[in-house]
Amino acid sequence: MKKLLLLAAMAALALGLQAENYKIEKVWSYTDLSSITPANCRQGLGMNGKFYINDRVESTIYIYDETGRIGTMTGSPNMTITRDEAGNIIYSNVAFPGNWNTGASITVVNPETRDSKVYTIPEECGSLGRCDVLGTAKGDMMTDGELYITTNTSGTTIAKLVITDGEVNTDESYAPQCSNVTTSTTTPIYPYVDLNGNDALLYYTRTHNPVKLLPDGDNYAGTVFGLPFKGTDMSMFPFVWDGKELFLYNYKGTGYADYLDGLAVAEAGASQPLDFVPATVTTSAHGTLGINWLWAEVEQDYVTLYQYYPGETGGHLSVYRLVKLPDYTVAGNILNNWEINPANNMTLGEDGKYTLTVDSVAIAANYLIEYKVTSDGTWWPADFNAEYLINDAGYYKLVFTFDPTTGNVSLEATWLGNLHYEGPVYVMGEVNGNGWQTNVGEEMTRDSNNNIYTLTITTEGKNIDPNDGIGYNYFSFTKMLSEYENDWSTIAPYRFGAVTEGGDFLVTDDQLNKELSLEMNGDPHAFKIPAGQWKLTVDVDNMKLIIEKVVPAFIRGDVNMDGEVDINDVTRLIDVVLGKDVVYDPLAADCNVEGGDDSTDINDVTALINRVLSGSWPN
């Protein structure tokens, strides 16, 4: 039962918020972009540690790394520049702001070898209008791949251009319809494999919420979703990493103007991003066009984020890295008795420190909280437990803080109010035959005037060691919190008696008839008390317990002290006469003569059998 209690307490904690810590760290940034004109260079691409910026007026692609401009290559008269999964660059030959009608083409080029291929868009792709920007392409567009093109022409939503064996596949290229999308000239589409392994498309129009498209026959069904503090721009990027489906996007933030250079990573529908980088500029690079191009490259341990933000002043090319920080977890005697539980993971603050807040914990007076912070097998403090003494019983808000730069841990406890709980309270365990059960036990009687509960139990005892001759019974307390039978928590012992190897608490003779401290919601160790009859009194509001030995009224023949005279007493008496180590009442066992003859033998057994059979004593 003790195991069941502990698992249930852990499960209840696991229902709380599980904090996970991520951070976006800057790798490098290049800021001398005075030669780039935002009106001409609206789409830029980041990959493999480089940026490729297309100048539509010059039809030239500028190549940058962290040292500055390192080269150029032939570009597009349109705004477009993108890539496929093989790292080839893709752009259009359609002069801005012309339409992508039948006969228009795209160019695919390897940026290292400069090998290139030109593909003409077939009529199967439908009637296309303007498409100023492109998302990514699947596969290797030199050999086998797919590119999705948006359009603002009525009747056509997107075009799917399929390349097979280095040629346009007209059988597979077509114009599927998409639900829940709003067409625009500035809408990139990003194909990706989502968290469930589905071939998905991210359809993103800068002035609307993003749409996730999933195949629906030959067409696509769209689901609109939100992102926390999303700004208005022309760029997003989807990816799956660390078991999450994530989106890199322009971060506006509370109090910020739109069309700036903030960025963030978040899950769809989240209330907060995993992390964000606030805007560094105060004026938009190009009016209300929202030029803030973002790309991501996923590795096992991190994600590289690329940002192209143009501007004669304030423009920059920046590379960031999204990493998952270590999980720092609080463990201690008040948190599952030193069990390491993700529910107790700490959250990183803007000051670089980690915190865990535990609201409204019921704590007894003179409770010494001991705790540590752990991560990956390392503990802080290393050689001792941090301590905090609670002087007054009550409900407390606990805030644990950890500074990873110094290794310092601290605890702030705020008193919220007096303890008060109005039952029911149950006694559970190897007493009164109710056993270790998660939602039932023997209910204690409550005195409504002082919120004190009482119950008298009889313990026959079970030997811890057959040679010590001492019998003990286990019991613990449970308080029911609601009508739901599995919604329960424990009242557990704290810091008294001898703690045995199993972690249970042995109530010693000098503690009987004295107040013992309890804790609520603590580790549900069991009490051990000797065989006999006991009155339990629990003061719930003050978390106190008194265990008093009850001297039962003498009942002739009630050998096993259960209040009844029956065949069970005969069995127990035979064990006594045979010299077995059993618990019994010696006065009740001396039953052959009224008042007893100061001996226990076969004559008492005979008299007791006659009493059970006939219902009366011989004399």
For this session: Report the C-alpha distance between Tyr354 and Phe400 in whole Å, list the side-chain angles of each, state the deciding distance to 0.1 Å, and finish with yes or no for ring pair (Phe, Tyr, Trp, His ring centres under 6.0 Å).
Result: CA-CA 8 Å; Tyr354 290 79; Phe400 299 89; over 10 Å; no
For this session: Please assess Asp403 against Thr401 for the test side-chain hydrogen bond (donor to acceptor under 3.5 Å, both in side chains), listing each intermediate value before the final yes or no.
Result: CA-CA 7 Å; Asp403 186 345; Thr401 302; over 6 Å; no
State, without any angle test, whether [X] and [Y] hold a side-chain donor-acceptor pair at a distance under 3.5 Å.
{"X": "Thr170", "Y": "Glu124", "value": "no"}
{"X": "Arg69", "Y": "Tyr64", "value": "yes"}
{"X": "Thr120", "Y": "Ser105", "value": "no"}
{"X": "Ser318", "Y": "Ser29", "value": "yes"}
{"X": "Glu172", "Y": "Tyr174", "value": "no"}
{"X": "Thr186", "Y": "Asp132", "value": "no"}
{"X": "Asn152", "Y": "Thr183", "value": "no"}
{"X": "Asn219", "Y": "Gln177", "value": "no"}
{"X": "Asp327", "Y": "Thr329", "value": "no"}
{"X": "Glu25", "Y": "Tyr302", "value": "no"}

Ignoring hydrogens and geometry, is there a side-chain-to-backbone donor-acceptor pair from [X] to [Y] under 3.5 Å?
{"X": "Asn40", "Y": "Arg56", "value": "no"}
{"X": "Asn48", "Y": "Lys50", "value": "no"}
{"X": "Gln307", "Y": "Trp293", "value": "no"}
{"X": "Thr80", "Y": "Val133", "value": "no"}
{"X": "Asn110", "Y": "Asp115", "value": "no"}
{"X": "Asn180", "Y": "Thr223", "value": "no"}
{"X": "Tyr371", "Y": "Leu411", "value": "yes"}
{"X": "Thr406", "Y": "Asn408", "value": "yes"}
{"X": "Lys138", "Y": "Asp144", "value": "no"}
{"X": "Thr151", "Y": "Gly129", "value": "yes"}

Any non-hydrogen side-chain atom of [X] less than 4.5 Å from a side-chain atom of [Y]?
{"X": "Leu214", "Y": "Lys212", "value": "yes"}
{"X": "Asn333", "Y": "Trp338", "value": "yes"}
{"X": "Lys230", "Y": "Phe247", "value": "no"}
{"X": "Val94", "Y": "Phe96", "value": "no"}
{"X": "Glu146", "Y": "Leu161", "value": "no"}
{"X": "Asn292", "Y": "Ser235", "value": "no"}
{"X": "Asp84", "Y": "Asp140", "value": "yes"}
{"X": "Phe239", "Y": "Lys244", "value": "no"}

Rounded to the nearest 0.5 Å, what separates atom [atom1] in [X] from atom [atom2] in [Y]?
{"X": "Ile291", "Y": "Asp261", "atom1": "CD1", "atom2": "CG", "result": "12.5 Å"}
{"X": "Leu317", "Y": "Leu33", "atom1": "CG", "atom2": "CG", "result": "4.5 Å"}
{"X": "Leu213", "Y": "Thr157", "atom1": "CG", "atom2": "OG1", "result": "9.0 Å"}

Exercise. Given Asp233 and Tyr249, is the side-chain contact (heavy atoms from CB on, under 4.5 Å) satisfied, shown in steps?
Worked result: CA-CA 9 Å; Asp233 64 23; Tyr249 62 98; over 6 Å; no
Mark yes when over 12 heavy atoms from residues, nucleotides or ligands other than [X] sit less than 6.0 Å from its [atom1]; otherwise mark no.
{"X": "Glu387", "atom1": "CD", "result": "yes"}
{"X": "Asp218", "atom1": "CG", "result": "no"}
{"X": "Lys353", "atom1": "NZ", "result": "no"}

Could you pull out the closest heavy-atom pair between [X] and [Y], with the gap in Å?
{"X": "Ala264", "Y": "Phe276", "result": "CB-CB, 3.6 Å"}
{"X": "Ile24", "Y": "Asp275", "result": "N-OD2, 2.7 Å"}
{"X": "Cys125", "Y": "Ala159", "result": "O-CB, 3.5 Å"}
{"X": "Thr205", "Y": "Ser184", "result": "CG2-CB, 3.5 Å"}
{"X": "Gly44", "Y": "Ile53", "result": "CA-CD1, 3.9 Å"}
{"X": "Asn54", "Y": "Asn78", "result": "ND2-O, 2.8 Å"}

For this session: Kindly determine whether Tyr192 and Glu245 satisfy side-chain hydrogen bond (donor to acceptor under 3.5 Å, both in side chains), including the steps that lead there.
Result: CA-CA 10 Å; Tyr192 70 104; Glu245 187 168 328; 2.8 Å; yes
For this session: For Tyr190 and Tyr204, run ring pair (Phe, Tyr, Trp, His ring centres under 6.0 Å): C-alpha distance rounded to whole Å, both residues' side-chain angles, the deciding distance at 0.1 Å, then the answer.
Result: CA-CA 8 Å; Tyr190 302 87; Tyr204 181 60; 8.0 Å; no
For this session: Applying side-chain contact (heavy atoms from CB on, under 4.5 Å), run through Ile61 and Asp55 and close with a yes or a no.
Result: CA-CA 6 Å; Ile61 296 173; Asp55 188 320; over 6 Å; no
For this session: Could you walk me through whether Tyr91 and Val108 pass the side-chain contact (heavy atoms from CB on, under 4.5 Å) test, one step at a time?
Result: CA-CA 7 Å; Tyr91 55 82; Val108 181; over 6 Å; no
For this session: Please step through side-chain hydrogen bond (donor to acceptor under 3.5 Å, both in side chains) for the pair Glu412 and Tyr388, ending with a clear verdict.
Result: CA-CA 9 Å; Glu412 179 181 356; Tyr388 190 102; over 6 Å; no
For this session: Decide yes or no on side-chain hydrogen bond (donor to acceptor under 3.5 Å, both in side chains) for Thr347 and Thr355, but give the supporting numbers first.
Result: CA-CA 5 Å; Thr347 302; Thr355 60; 5.6 Å; no
Exercise. With under 30° as parallel and over 60° as perpendicular, where do the rings of Tyr148 and Tyr220 fit, or are they tilted in between?
Worked result: perpendicular
Exercise. Is the distance between the ring centroids of Phe51 and Tyr308 under 6.0 Å?
Worked result: no
Exercise. Do the two ring centres, one from Tyr328 and one from Trp380, sit under 6.0 Å apart?
Worked result: yes
Problem set entry | Derivation and outcome, side-chain contact (heavy atoms from CB on, under 4.5 Å), residues Met346 and Val330 | CA-CA 7 Å; Met346 309 183 81; Val330 181; 3.7 Å; yes
Problem set entry | Partner of Ile189 under side-chain contact (heavy atoms from CB on, under 4.5 Å), chosen from Thr150, Leu134, Thr136 | Thr150
